[in-house]
Peer 1: 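Quick one: the structure is below, questions incoming.
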Amino acid sequence: MSQIHVISHPLVQHKLTQMRRAETPSERFRQLLNETSLLLTYEVTRDLPLVTTEITTPLTEMEAPELVEHPVVISILRAGNGLLDGVLQVIPGARVGHVGLYRDHDTLEAVEYYCKFPPIEGKTAIVVDPMLATGNSAAAALSRIKEENPAEVRFLCLLAAPEGIEGLQSAHPDVSIWTASIDDQLNEVGYIVPGLGDAGDRIFGTT
Ligand code: URA
């Protein structure tokens, strides 16, 4: 069954508060999101399996741990790209996929317009999108990713609405979620409240 991990680390919470402030400009927002994504990645990868390998240090030989394999990172366009750089700073060996979905503003349903993945079969996929709002885009992206037969899928976001968590868990009960906050609710047009506004607009300076 899906688990929810709320990342309560003080640095994450502090940076999130700065991101929530309406007056925080795009440049600063991007920087904060990048810094936060390093810390979120630390948590989402905490239990990745290790294998012991024999290496030689300048002093001696030893058995040392290293990752069995790198996870694949999938960004849900476009706001997912705001998390991607930070994730790749921590896991530079990861291969990256993108899936593009737009939210129909009338139905709030997700419609796919772009999809390009590296090999995912048998691997752990970490799917990144800052906002888990209705959960429709995330659920559609996860369905598409699962067609590639990953061994495991993890969902990493910055903010989640209770409605999005419920939607994602009922569509994908096997996918665990990592988030910095579970906010109060969605408003009538599908924004997370209190939230931080439109993450894509905040990252890229669009309106
Ligand atoms: N997407 C966003 O960028 N913000 C929200 O509050 C909800 C969905």
Side-chain angles (χ1 to χ4, degrees), residues 2 4-7 12-13 15-37 39-41 44 73-87 97-115 126-145 153-172 175 177-207:
S2 160
I4 298 280
H5 305 263
V6 178
I7 302 162
V12 170
Q13 294 305 315
K15 290 175 196 295
L16 175 56
T17 299
Q18 309 316 310
M19 279 185 273
R20 287 187 191 273
R21 290 180 192 275
E23 69 271 22
T24 300
S26 235
E27 183 184 359
R28 179 74 186 126
F29 187 94
R30 266 201 302 273
Q31 186 185 4
L32 286 160
L33 185 58
N34 181 265
E35 291 166 5
T36 306
S37 61
L39 301 165
L40 301 180
T41 305
V44 75
V73 184
I74 311 287
S75 168
I76 301 182
L77 298 174
R78 69 181 164 145
N81 281 2
L83 288 171
L84 195 54
D85 281 351
V87 175
H98 293 89
V99 56
L101 301 149
Y102 67 86
R103 193 163 55 139
D104 186 298
H105 278 288
D106 296 325
T107 64
L108 302 183
E109 292 295 323
V111 183
E112 181 181 315
Y113 65 87
Y114 183 80
C115 188
I126 299 174
V127 182
V128 299
D129 189 353
M131 309 299 272
L132 178 56
T134 62
N136 292 337
S137 311
L142 295 183
S143 297
R144 179 63 191 83
I145 291 161
V153 182
R154 301 178 178 202
F155 188 82
L156 175 63
C157 60
L158 184 64
L159 293 187
E163 296 90 331
I165 292 173
E166 200 184 320
L168 200 63
Q169 284 187 321
S170 68
H172 298 283
V175 175
I177 300 167
W178 280 257
T179 182
S181 175
I182 301 174
D183 274 14
D184 295 343
Q185 62 196 42
L186 292 182
N187 69 9
E188 62 289 351
V189 287
Y191 279 89
I192 298 176
V193 180
L196 49 73
D198 185 297
D201 286 346
R202 302 284 315 263
I203 295 165
F204 299 112
T206 48
T207 51

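All ligand and atom numbering here is 1-based and tracks the order in the structure. Given the structure is predicted, the values throughout are model-derived calculations rather than measurements.
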Peer 1: Is the backbone N or O of Met19 less than 3.5 Å from a side-chain atom of Arg202, with the two atoms forming a donor-acceptor pair by type?
Peer 2: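 A pair under 3.5 Å: yes.
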
Peer 1: Would you confirm whether Thr24, through its side chain, and Gln18, through its main-chain N or O, come within 3.5 Å as a donor-acceptor pair?
Peer 2: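 Yes.
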
Peer 1: If I compare all heavy atoms of Leu16 with all of Ser181, which pair ends up nearest, and what's the gap?
Peer 2: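 Heavy atoms only, the tightest pair is CD2-CB, 3.8 Å.
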
Peer 1: Between Asp129 and Arg78, is there a salt bridge with N-O shorter than 4.0 Å?
Peer 2: no

Peer 1: Below 4.0 angstrom from a heavy atom of Gly197, which ligand 1 atoms are there? Numbered from 1 as shown, please.
Peer 2: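 So the atoms of ligand 1 that pass are 2 (C), 3 (O), 4 (N), 5 (C), 6 (O).
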
Peer 1: Keeping the roles fixed (side chain from His172, backbone from Ala139), state whether a donor-acceptor pair exists under 3.5 Å.
Peer 2: yes

Peer 1: Looking at atom 5 (C) of ligand 1, what's its closest protein heavy atom, distance included?
Peer 2: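 Looking at atom 5 (C) of ligand 1, the protein heavy atom closest to it is Tyr191 CD2, 3.5 Å.
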
Peer 1: Among protein heavy atoms, which lies nearest atom 1 (N) of ligand 1, and at what distance?
Peer 2: Met131 CB, 3.8 Å

Peer 1: Based purely on interatomic distance, does Gly200 place a nitrogen or oxygen under 3.5 Å from a nitrogen or oxygen of ligand 1?
Peer 2: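 It does not: no N or O of Gly200 is found under 3.5 Å from an N or O of ligand 1.
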
Peer 1: Check each atom of ligand 1 against the heavy atoms of Ala199 and keep those under 4.0 Å away; list them by number with element.
Peer 2: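 In order of numbering, the contacting atoms are 2 (C), 3 (O).
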
Peer 1: Show which atoms of ligand 1 fall inside a sub-4.0 Å distance from at least one heavy-atom site of Ala133.
Peer 2: 7 (C), 8 (C)

Peer 1: Can you report which non-hydrogen protein atom sits closest to atom 6 (O) of ligand 1, along with the distance?
Peer 2: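 Its nearest protein heavy-atom neighbour is Ile192 N, 2.7 Å.
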
Peer 1: Which atoms of ligand 1 sit under 4.0 Å from any heavy atom of Gly190?
Peer 2: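 Answer, ordered by atom number: 7 (C).
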
Peer 1: Has the side chain of Arg154 got a donor or acceptor atom that lies under 3.5 Å from a matching backbone atom of Ile126?
Peer 2: no

